[in-house]
Amino acid sequence: MAARVLACAPCHGAEGEGTSDAYFPRLAGKPAGYLYNQLIAFRDGRRKYPPMNYLLEFQTDDYLKKIAEYFASLRPAFPPPVPPVDSKEILARGETIVKNGDPQHGIPPCSACHGPTLGGMEPGIPGLLGLRAAYISGQLGGWRYGTRTAFAPDCMQIVASLLTEDDVKAVAAYLSSRPAPADPSFAPRGSLPMPLECGSEPH
Amino acid sequence: MSRTLTGLLVGLMLALSPIGASAQQKAADPAVLAKGEYLARAGDCIACHTAREGKTFAGGLPMKTPFGTLYTSNITPDPQTGIGTWTSDQFYQMMHNGRFPDGGLVYPAMPFASYTKVTREDSDAIYAYLRTVPPVRQLNKPHDLTFPFNNRSLILGWRTLFFREGEFKPDPTKSAEWNRGNYLVEGLGHCGMCHTPINALGGSKQSQAFEGGLIPMQNWYAPSLTSNKETGLGDWTIEEIVDYLRKGVSAKGAVYGPMAEVVYNSLQFLNDDDARAMAVYLKGLAQGGPPEKASTSLPSAESSLLLSFGKSIYDRDCASCHGATGQGMPPDYPPLAGNQSIQMVSAVNPIRMVLNGGYPPGTSGNPMPHGMPPFAQKLSDDEVAAVVTYIRTAWGNRGEPVSARQANELRAATLN
């Protein structure tokens, strides 16, 4: 399988560990259902990024599922976290949103769905560690402006639209500063109390 | 006389009776429907008449042309927005003559200049099949063409220049297999739409049939099918051509770019006999050509520097899959030595493959293809030019060198 997905390596690393380019995410160890949903969305053009849309355009559901399962099964080492360049206040704001949300503005904590260790949950919720700030804020921006969408109800679109620019910056700064998780695995299906309905994570 | 009158009356009643009409529809023979579905695939109707994430055959796909954007039409049997009210005569008129039921002219993005060769029987089978697909109520989007191309009467001029109406006529001096291949390639396959050069008026130059051309707006080069230096298939075995058409990979090379779409949606579904017939016809197209001239660009001091730079990149980034001497490991890693696709007059395709990488299509014969990594981020324009020049000229390949400027221009090519 590694040879078949060599086309992914220049941007995502030979084992899906990510590369030095901050805009390309780690794939390894994310739940297969999440990766599969993204592969389908890129293939069908719903998630827009031309190099990905182009590569996947003529691949079958079955093959995309195998690719997703392959990257979900890998556990390469996490990169060392990037030393934060943002102030302590910004990082603290990020930590608050990630762990406790912002009840006043109806923002749920990230950990409610992505897990207390932020490792994600099977089948459709990704882990949030090992990603760079530029990628995280890029995705949250994509949801706010509609260039990234998921199956309805699109919970992340709702959450992202509640965040301010400063919130996005703070969350991205905090998440990207976290060290590798001690146990890099995702939570089992249905084990987390999700505060929002999510089309990608059917009950 | 009374018998004649009764006969006339019965005929009239049948013609007027709605029961008569529905009985006629129900009579669609499953074998005819299966044939119609097969032929619709051979014609690749779905590729244009289905939008991304859209309903099958409901149209709405934007087709960018040098003259503006056309939107494909709904060909489901919905009576209001599709072709549900069309008769088989009207359908044949569209396929054969490029006219709507009201006589209006169809833009030649619809390949009626090829489909005109389709027999009435095959047209009727496709028609019967299209009547059985789920109807979708979806209004056709108006075309967005620039002046003066938004004037449909201009199509008359195009037709005068480029359209020759007429069903396929078999050549009695050739085999049945060759004739079948000719019919599929020139008719439903509409291969000439890309593989014949397009002139400034958007017409195919028949005098240069299958001699290759740059596909407008897509920036992929559709190689010549008549020259053995390009993708003329004279040096290929029938099995290699069949593999290429149906699996998307072969011992000689893999499909990529727009051809990947054709294999994915259409050619992989051909049966053995038809794939062979097309291969026999395509191979025949390339025979009898003049011998290819050797490359004129003999290495100067400057070009040997470029080549040694190219070789160092090749050895580092390419050789692990394509082999130290370009031999590849077919079918998963195509050979580059002797690969016509690398040596074509236009260097667009090899440059784009290096920049963008790519996957052959997932087919039943090759469901999990190997992908070529994109090198756009890793290599500079100079490096791309050097490595492409190297693979175009090493191991006996006879391509011309490429410049960093050519590589740079293709970084902006539309990907998808």
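By convention in this document, chain letters (A, B, ...) are assigned in the order of the sequence lines, proteins followed by strands, and residues within each chain are numbered from 1. Keep in mind the model is a prediction, meaning the values are calculated, not measured.
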Query raised in the report: Relative to chain B, which segment of A:A3 carries a heavy atom at a distance below 4.5 Å: side chain, backbone, both, or neither?
Result: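 Contact with chain B: backbone and side chain both.
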Requested in this report: Measure distances from A:P10 to the heavy atoms of chain B and classify the residue's part below 4.5 Å as side chain, backbone, both or neither.
Outcome: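 Just the side chain, heavy atoms under 4.5 Å.
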What part of [X] lies closer than 4.5 angstrom to a heavy atom of chain A: side chain, backbone, both or neither?
{"X": "B:P374", "result": "both"}
{"X": "B:E261", "result": "both"}
{"X": "B:F375", "result": "neither"}

Between [atom1] on residue [X] and [atom2] on residue [Y], distance to nearest 0.5 Å:
{"X": "A:T19", "Y": "B:Q377", "atom1": "OG1", "atom2": "CD", "value": "8.0 Å"}
{"X": "B:N265", "Y": "A:F58", "atom1": "CG", "atom2": "CZ", "value": "7.0 Å"}
{"X": "B:E53", "Y": "A:I40", "atom1": "CD", "atom2": "CD1", "value": "9.5 Å"}
{"X": "A:I67", "Y": "B:M368", "atom1": "CD1", "atom2": "CE", "value": "7.5 Å"}

Over all heavy atoms of both residues, which pair between [X] and [Y] is shortest? Give the atoms and the distance, please.
{"X": "B:P373", "Y": "A:L6", "result": "CG-O, 3.7 Å"}
{"X": "A:A7", "Y": "B:M372", "result": "CB-O, 3.6 Å"}
{"X": "A:L55", "Y": "B:N356", "result": "CD2-O, 3.9 Å"}
{"X": "A:Y54", "Y": "B:G358", "result": "OH-CA, 3.8 Å"}

Query raised in the report: Can you check whether B:P360's main-chain N or O pairs, donor with acceptor, with A:Q59's side chain at less than 3.5 Å?
Result: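 Side chain of A:Q59 to backbone of B:P360: a pair is present.
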Query raised in the report: Taking A:R43, A:M1, A:R46 one by one, which has the highest count of heavy-atom pairs under 4.5 Å against chain B?
Result: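 Of A:R43, A:M1, A:R46, A:R46 has the most heavy-atom pairs under 4.5 Å with chain B.
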Query raised in the report: In terms of heavy-atom pairs under 4.5 Å with chain A, which of B:P367, B:G248, B:P369 leads?
Result: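 Highest number of pairs under 4.5 Å: B:P369.
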Requested in this report: For the pair B:Y359 and A:Y63, name the ring-plane relationship: parallel under 30°, tilted 30 to 60°, perpendicular over 60°.
Outcome: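 Rings of B:Y359 and A:Y63: perpendicular, as their planes differ by over 60°.
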